[in-house]
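What follows is a single structure, written as structure tokens, with notes after it.
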Amino acid sequence: AIAGTEAAHGRVILAHLGAGASMTAVRGGKPIDTTMAFTPTAGLVMATRPGDLDPGLLDYLMRAENLTPAQMDEFISSRCGLLGISEMSPDMRELLTRRADDPRAADAVDSFCYCARKTIGAFAAAMGGVDTLVFSGGIGEHSPDIRAGICKGLDHLNIRIDPSRNASGAETIGADNSRVIVRVIATDEEIIIAQAVRTTLQA
């Protein structure tokens with residue numbers, strides 16, 4: 001609706017970044033890969049969720065810390081991610097404020113950006129390139145620093161952002177020499193859920 005049919009049916013990476021975060025690779029209007037899995041803890045580093053883990057680590061932690069399955073579930077859902085790395089906060093806004101003076105906050109921010117950047121590269125490989133990158137969600141929509149941190153080093157994919165456009169929160173933040181269109185699109189998860197429920201009830 002925003003970018004037009006041709007762009008929407010190209011090779012698109014949707015980066016929904018908030019307290020919960022996920023990415024989806026879309027080609028020809030259909031998703032072909034996603035960071036989402038059986039539970040919300042998989043994929044990207046999030047506010048309190050770790051993202052992808054070595055399955056053996058869970059067994060190790062349960063044995064080493066004498067954790068029950070319920071305690072392990074609470075740990076990986078509520079005490080990992082940005083909170084676990086920084087040991088202070090799951091809130092990206094606070095971490096950005098404190099990263100200049102606190103290496104733990106800086107590590108959390110860097111880990112978030114690195115994980116997202118790596119996933120963009122993987123999805124570009126899966127699709128044979130990328131035409132459009134979309135940032136959404138609370139962090140994706142409102143944090144120029146994180147958008148810049150993620151896109152830094154993606155020149156080989158022809159992803160470049162314009163600092164002034166990015167800082168102003170323009171709808172399109174790509175640099176003039178960026179072959180990939182970089183967009184910031186606000187999400188309305190509640191209306192999508194409501195529409196899905198209505199469709200299901202009417203089926």
Side-chain angles (χ1 to χ4, degrees), residues 12-27 30-65 67-96 104-105 107-127 133-143 145-147 149-150 183-201:
V12 182
I13 296 176
L14 304 174
H16 183 86
L17 308 177
S22 64
M23 285 195 192
T24 303
V26 182
R27 184 175 60 200
K30 296 181 179 180
I32 66 164
D33 203 348
T34 180
T35 60
M36 293 176 280
F38 181 66
T39 74
T41 58
L44 305 174
V45 173
M46 298 173 239
T48 60
R49 301 170 186 156
D52 289 339
L53 289 175
D54 177 350
L57 176 62
L58 303 181
D59 178 69
Y60 170 80
L61 287 174
M62 290 179 71
R63 293 175 185 273
E65 302 296 330
L67 300 175
T68 66
Q71 289 172 324
M72 187 75 250
D73 180 63
E74 190 276 334
F75 175 74
I76 62 174
S77 296
S78 304
R79 292 191 279 152
C80 293
L82 297 176
L83 175 61
I85 297 170
S86 69
E87 299 182 278
M88 68 178 70
S89 176
D91 192 318
M92 182 61 79
R93 293 165 297 187
E94 182 177 355
L95 296 175
L96 286 169
R104 297 170 303 171
D107 282 345
V109 172
D110 291 344
S111 294
F112 184 90
C113 292
Y114 173 78
C115 186
R117 188 184 315 120
K118 182 172 68 172
T119 302
I120 290 171
F123 282 178
M127 294 191 293
L133 170 62
V134 177
F135 286 104
S136 65
I139 297 173
E141 292 172 28
H142 302 297
S143 180
D145 287 342
I146 295 301
R147 293 194 297 261
I150 291 172
R183 294 184 175 275
V184 179
I185 299 180
T187 52
D188 189 340
E189 296 174 83
E190 289 79 8
I191 193 63
I192 296 300
I193 293 170
Q195 289 171 348
V197 170
R198 182 179 64 181
T199 299
T200 300
L201 293 174

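The first residue in the sequence is number 1, and the count goes up from there.
- Counting only distance, with no hydrogens or angles, the side chain of Thr34 and the backbone of Met23 share a donor-acceptor pair below 3.5 Å.
- Ile146 contributes atom CD1, which lies 14.5 Å from atom CD of Glu141 (distance to the nearest 0.5 angstrom).
- We find the CZ-CG distance between Phe123 and Asp33 to be 4.5 Å, quoted to the nearest 0.5 Å.
- In this structure a side-chain-to-backbone donor-acceptor pair under 3.5 Å is missing from Ser86 to Arg104.
- Contacts classified as salt bridge (Lys or Arg N to Asp or Glu O under 4.0 Å) and involving residues 49-59 (residues at least two apart or in different chains) are given here: Asp59-Arg63.
- Rounding to the nearest 0.5 Å gives a distance of 13.0 Å between OG of Ser136 and CZ of Arg183.
- Here the OG1-CD1 distance, from Thr119 to Ile13, works out to 9.0 Å after rounding to the nearest 0.5 Å.
- Side chain of Ser89 to backbone of Asp91: a donor-acceptor contact under 3.5 angstrom is found.
- Note: Leu82 CG to Glu94 CD = 11.0 Å, rounded to the nearest 0.5 Å.
- The distance from the CD1 atom of Ile76 to the CG atom of Leu57 is 9.5 Å, given to the nearest 0.5 Å.
- Contact of the Tyr114 side chain with the Val45 side chain is not registered, since no non-hydrogen atoms from C-beta on lie closer than 4.5 Å.
- Side-chain atoms of Ser143 never come within 3.5 Å of backbone atoms of Ile139 as a donor-acceptor pair (strictly under, hydrogens ignored).
- Under the salt bridge (Lys or Arg N to Asp or Glu O under 4.0 Å) criterion, the residue pairs touching residues 75-86 are Glu74-Arg79, with sequence neighbours excluded.
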Requested in this report: Tell me, with the steps shown, if Ile150 and Phe135 meet side chain to side chain contact (heavy atoms under 4.5 Å, CB included).
Outcome: CA-CA 10 Å; Ile150 291 172; Phe135 286 104; 3.9 Å; yes

Report task. List the steps, then state whether side chain to side chain contact (heavy atoms under 4.5 Å, CB included) holds for Met88 with Leu95. Result -> CA-CA 8 Å; Met88 68 178 70; Leu95 296 175; 3.9 Å; yes

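- Two residues are said to be in side-chain contact when any heavy atoms from C-beta on lie closer than 4.5 Å; Gln71 and Glu65 fail this criterion.
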